[in-house]
There are 2 protein chains.
Amino acid sequence: MPYDPSAFPPFAVTVDLVVLTVRRHSLCALAVRRGEPPFQGRWALPGGFVRAGEDLAQAAARELAEETGLCVHDPAAPTQDNGAHLEQLATYGDPERDPRMRVVSVAHLALAPDLPAPRAGGDASNARWAPVEELLEQSGYGHAGEAVAPLAFDHARILADGVERARSKIEYSSLATAFCPPEFTVGELRRVYEAVWSVALDPRNFHRKVTGTPGFLVPTGGTTTRQGGRPAQLFRAGGATLLNPPMLRPEV
Amino acid sequence: MPYDPSAFPPFAVTVDLVVLTVRRHSLCALAVRRGEPPFQGRWALPGGFVRAGEDLAQAAARELAEETGLCVHDPAAPTQDNGAHLEQLATYGDPERDPRMRVVSVAHLALAPDLPAPRAGGDASNARWAPVEELLEQSGYGHAGEAVAPLAFDHARILADGVERARSKIEYSSLATAFCPPEFTVGELRRVYEAVWSVALDPRNFHRKVTGTPGFLVPTGGTTTRQGGRPAQLFRAGGATLLNPPMLRPEV
DNA sequence: GTGTTTATCGTCAGGCAGACGACTATGATC
DNA sequence: GATCATAGTCGTCTGCCTGACGATAAACAC
């Protein structure tokens, strides 16, 4: 059968972002307040339409830069490490997910170090870092509790999927370093794992594990006492991206 | 800003399928021959447009049924096990990936037991099971060698991603049973792992591992000698979906 | 019966993780 | 300045799991 433009229905395609960071020992996600219907006034994940000549990854990187000012960390040039990790998460296309029209959203997951303050088009009151349990409460994806209204659209589901991806991926990859500044200590990295998994890890076994995995951490020579206590060695993320054997997540 | 339909460009949305099975000790994928331009006459992954009122998973299940006659195995009703495993893989939206128009393809991964014969709209000559290395040759994703023309569009990339997903997922889940008939022996399951990973596994250690993991295998009581040699116990897949600790893929 | 094939059970050594003791080096407090 | 609290770092021990591999069992082919 020949090419027939009427043979398929038109879709709008968006990218939505699950941007995660660790602040004050808890895993937080970036949420923006919706300024227009539907779901006006409710919190949602940042995102927007994919433009005509734009790849999906480009669109996600553009939205991330617009919302946070973050550049995407390019795996090909790991020298300048001022960027975030960005990867595609999943695509959501329920016909009813947007009441206006048929929208397919390609969700992306971004991991960033702790940032000074969010900005949503320069308006700080319309963007915030919120603990993920708080955002997932009342959505069927978190524990019960009195909290804010659930996220707009199916964003609670998307956020839950993104959090689960991050939780499982730091097991077998060095991705947890994406939550850390360029130089960090073993203790800081351990607190990332503890925040993302909501568990307590043994500092001695953790230290043995991460320093004993070749290519995971590279000492920079410096030390710091910014966490108090005895000065700790500073490290950079090494070239290894896979953790084998993986870091084991304790039973809860 | 109010809702403005002209604010976003229209996209066509398709689902493409990576359907994998194990035949004659090698991992094979379903390929269909294109009957129309572009890439007319070339092999491609099965797929098609998402319909107006259709969810992405529904569209993928429909295409799978159209191409193979397989029903999707419903995790909620694991009693009738005549279906395949189906999951979303990733979404591909390069602006240049289809010369006709802007197409975003949501690729899905399906795992099926060995099937009698493929059918593509009843025309068997336009569908075949091909070893994945053969399909990935000449595409930069496989080893060198003289073979057929590379897959149409970016389907070699999609296939490579699907194969990699399957290879890694059988490590830590019971997904390998999706390649087996409803009742199978430990040896047949081991040959699935060997085909997917292209390695040889020790039969004794493999047997110890899978029979020692609670909930992975459930003995049915029957035995079979269809593989020759001493009769082997028959098993069904147990309720456990996660394999912890995982099956370790040997270094190559 | 002999050989071949596949399945299944056991044994042993090495590696890794969890539990936890001990020591070190800083800042805070009295 | 002594003491305390905090955090980092090095070791030890035990148990579990894996890889390597020997041995036995039960079918079929000849």
Side-chain angles (χ1 to χ4, degrees), chain A residues 24-25 170-172 180 183-195 197 199-236 240 242-252, chain B residues 24-25 170-172 180 183-195 197 199-236 240 242-252:
Chain A
R24 282 176 279 116
H25 292 200
I170 64 173
E171 289 185 46
Y172 57 89
C180 293
E183 295 198 349
F184 54 89
T185 70
V186 173
E188 289 165 348
L189 183 62
R190 176 170 48 82
R191 280 181 275 277
V192 165
Y193 276 90
E194 292 178 333
W197 285 345
V199 295
L201 299 176
D202 185 288
R204 299 157 290 190
N205 293 336
F206 184 87
H207 189 277
R208 176 182 62 191
K209 173 71 177 173
V210 295
T211 57
T213 300
F216 189 12
L217 297 182
V218 180
T220 66
T223 62
T224 183
T225 63
R226 60 185 171 215
Q227 300 288 342
R230 169 176 165 178
Q233 254 189 298
L234 282 170
F235 294 89
R236 281 186 298 104
L242 253 49
L243 223 53
N244 203 338
M247 182 88 57
L248 294 182
R249 176 162 25 167
E251 325 280 329
V252 180
Chain B
R24 281 178 279 114
H25 292 201
I170 64 173
E171 288 186 46
Y172 57 89
C180 294
E183 296 200 348
F184 54 89
T185 70
V186 173
E188 289 165 348
L189 183 63
R190 175 170 48 82
R191 279 181 274 278
V192 164
Y193 276 90
E194 293 179 332
W197 284 345
V199 296
L201 299 176
D202 185 288
R204 298 155 292 189
N205 293 336
F206 184 86
H207 190 277
R208 178 183 60 191
K209 173 71 177 172
V210 295
T211 57
T213 300
F216 188 13
L217 296 182
V218 180
T220 66
T223 61
T224 183
T225 63
R226 61 186 171 214
Q227 299 289 341
R230 170 175 164 181
Q233 252 189 299
L234 282 170
F235 294 88
R236 280 186 299 103
L242 253 50
L243 224 53
N244 203 339
M247 182 88 57
L248 294 183
R249 177 162 23 167
E251 324 280 328
V252 180

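Each chain gets a letter, A, B and so on, in the order its sequence line appears, and its residues count up from 1. All figures in this text were calculated on a predicted structure; none of them were measured in a lab.
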Can you build the contact string for nucleotides 20-29 of chain D? Use B for base contact, S for sugar-phosphate-only contact, and - for no protein heavy atom under 4.0 Å. BBBB-BBS--

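- Taking 4.0 angstrom as the limit, A/H207 places none of its side-chain polar atoms (N or O) nearer than this to OP1 or OP2 of D/dG8.
- Put simply, CZ on B/R191 is 11 Å from C1' on C/dT5, counting in whole angstrom units.
- In this structure, A/F184 CZ and A/R226 CZ are separated by 10.0 Å, a value rounded to the nearest 0.5 Å.
- Regarding A/L201, its CG atom lies at a distance of 16 Å from the C1' atom of C/dC20, rounded to whole Å.
- Projected onto DNA chain C by closest heavy-atom contact, B/E188 and A/P246 fall at different nucleotides, the more 5' of which corresponds to B/E188.
- No engagement by B/R226 is indicated, since no non-hydrogen atom pair under 4.0 Å with the nucleic acid exists.
- In this structure, B/L243 atom CG and D/dC17 atom P are separated by 13 Å, rounded to whole Å.
- Rounded to whole Å, the distance from CZ on B/F206 to P on D/dC17 is 17 Å.
- Atom CZ of A/R24 sits in a sparse spot, with 12 or fewer heavy atoms from other residues, nucleotides or ligands closer than 6.0 Å.
- Between the CZ atom of A/R190 and the P atom of C/dA17 there is a distance of 17 Å, rounded to whole Å.
- Between A/T211 and A/Q227, the one whose closest nucleotide on DNA chain D sits nearer the 5' end is A/Q227.
- In this structure, A/R249 places its CZ atom 16 Å from P of C/dA17, rounding to the nearest Å.
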Show your working on side chain to side chain contact (heavy atoms under 4.5 Å, CB included) between A/I170 and A/R249 and close with a plain yes or no. CA-CA 9 Å; A/I170 64 173; A/R249 176 162 25 167; over 6 Å; no

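- In this structure, NZ in A/K209 is found 9.5 Å from CZ in A/F216, a value given to the nearest 0.5 Å.
- B/T185 contributes atom OG1, which lies 6.0 Å from atom CZ of B/R191 (distance to the nearest 0.5 angstrom).
- Taking CD of A/E171 as the start and OH of B/Y172 as the end, the distance is 10.0 Å to the nearest 0.5 Å.
- Computed from coordinates, the B/L248 CG to C/dG15 P distance equals 15 Å when rounded to whole Å.
- Dashed line: the shortest gap from a side-chain N or O of B/K209 to OP1 or OP2 of D/dT18 is under 4.0 Å.
- Atom CG of A/L189 and atom C1' of D/dG8 are 14 Å apart (whole Å).
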Audit row: B/R204, B/H207, side chain to side chain contact (heavy atoms under 4.5 Å, CB included) steps and yes/no: CA-CA 5 Å; B/R204 298 155 292 189; B/H207 190 277; 5.8 Å; no

